[in-house]
Amino acid sequence: MMKGLKKWRLFSLLTVMMVFLSGCGEEYLSTLKPSGEVGKEQLNLLLLTTGIMTLVVVVVSVIYLLAFVKFRRSKVGENVIPKQVEGSHTLEIIWTVIPIILLLIIAVPVVTATYKFADVAAMDEVDENGNKTALTVNVTAKLYWWEFEYPNQGIITAQELVVPTGEKVYFNLKAADVKHSFWIPAIGGKMDTNVENVNKFYLVFDKESEGLKDGVFYGKCAELCGPSHALMDFKVKSLSPDAFDAWVTSMQETEGQTADKESSDLGEATFANSCLGCHAVSGSGSAPGMGPNLTTYGDRNRLAGFLDHTEEDLKAWIKDPAEFKPGNLMMNADGTAPIYGNLSDEEIQALATYIMGLSVEK
Ligand code: CUA
C-alpha cells in the first residue's frame with residue numbers, strides 16, 4: 001500500500017515537472033531556445049557554468065555519502081581513530097588547485113564573451129559618403145513603454161521594435177524616468193537602461209519572426225520599476241533585410257502625417273483634439289513623444305504591450321487605462337480620470353476605429 005502511494009507521488013511529481021518545464025522552450029520567449037549569436041553564446045556559457053557547478057555538487061555529495069556509509073562507528077568499531085591528515089601538503093594542494101582550474105575554465109570564456117558583447121566600435125564606422133554603416137537603434141525606456149528611434153534612418157516608433165535578420169543591430173539604451181532593463185530573452189541581453197548614462201550593446205537576429213506565435217519575439221523590462229513593471233512588455237518583429245528596407249521607406253513616407261481637428265471622420269477629429277498632443281501619427285523624425293508613437297498601431301499585435309490587439313480592448317483601455325496598467329501616465333497622478341478628459345461612447349468607438357487603422361504595412 002505504502003509502496004503504491006510512493007510510486008504515485010513520484011509519478012505526479014514527474015508529471016507536474018514535465019508540464020512546468022515544457023513551458024521553458026517557447027521559441028519567441030525562451031533563453032533556452034536562442035535565435036541569434038549573442039543568445040546562443042550566452043546559453044553556452046550558462047550550460048558550461050551550470051555543468052561545472054553540477055559536477056562539483058555531485059562529486060562532493062558522493063564523497064560525503066561514501067564517508068557517511070563507510071566510516072560509521074557501528075562498522076569500524078568504537079575505538080578506531082582514523083588516519084590524521086591535518087597539514088597534509090598533498091591534500092591541500094589538491095583542494096586548492098582543482099577549484100582554481102574549475103574557476104579558470106569558467107572565467108576565461110565568460111570574461112572573453114563579456115568584452116566581445118560590449119564591443120560597439122562598429123557603431124562609429126562610416127562609408128565613403130560619411131554615412132554610418134551599422135544599424136543603430138536608440139532605445140528609451142519610459143513608464144511603462146518603450147520608444148525606438150533609428151537615428152540614421154530618421155524614423156521613430158514605439159512598443160514594437162523592427163529589425164533586419166542576419167546583421168548586428170546596435171543599441172543605445174537609456175531611460176527617461178527611472179531605471180528599467182532591456183531584455184529580449186530569445187535573442188540576448190539583458191542590459192540596464194539608466195537615466196544618467198547610455199549603455200550600449202549589440203544583438204543579432206537569426207530568424208524572421210513571422211512564423212512564431214504572434215509573429216514576434218517577446219521583449220521584457222527586467223528591472224523592477226513600479227506597479228506596472230510586469231506589464232512593461234514590447235515586441236520584436238525581425239524581417240528579411242529587403243522587407244526591413246521596405247518598412248523603413250514606408251515609415252519615412254509618413255513624414256508630416258497628422259490628424260485634422262476639422263476632419264469629417266469623428267475618430268480623426270477626436271484624436272486631433274484629445275490625443276495628438278502626446279501621440280504622434282508620423283513615424284518620421286526623431287522627436288521623442290510624451291506618449292508612444294502610434295503610426296504603426298494597426299500593425300502591432302498587442303495593445304499597451306500585453307493586451308489583445310482588438311477594437312474592444314482598445315475601447316476599454318481608452319475608457320480607463322489605469323485599470324490595465326496602474327501608474328501609467330495617461331491618467332491623473334491620483335489615478336482618477338484619464339488626462340485627456342472623458343469621452344462619449346460614440347467618440348471612443350470612432351477613436352478606436354481610427355487608431356486601429358493606423359498602419360504602414362499594407
Ligand atoms: Cu520598466 Cu520594469
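All values derive from a computational prediction rather than experimental measurement. Indexing begins at 1, ligand by ligand and atom by atom, following the structure's order.
Ring-plane geometry between Y144 and H180 is classed as perpendicular, the angle between the planes exceeding 60 degrees on a 0 to 90 degree scale with a lower cut at 30.
A distance-only check finds no donor-acceptor pair linking the side chain of D214 to the backbone of V216 [under 3.5 Å].
Partner of F171 under the ring pair (Phe, Tyr, Trp, His ring centres under 6.0 Å) criterion, chosen from Y150, W146, F182, Y202: F182.
Of all protein N/O/S atoms, those under 2.8 Å from atom 2 (Cu) of ligand 1 are C221 SG, E223 O, C225 SG, H229 ND1, and waters are not counted.
By the 4.0 Å N-to-carboxylate-O rule, K315 lies too far from E347 to be salt-bridged with it.
For the residue pair T353/Q349, the side-chain donor-acceptor check at 3.5 Å is satisfied. Neither side chain, E149 nor N172, offers a donor N or O lying under 3.5 Å from an acceptor on the other.
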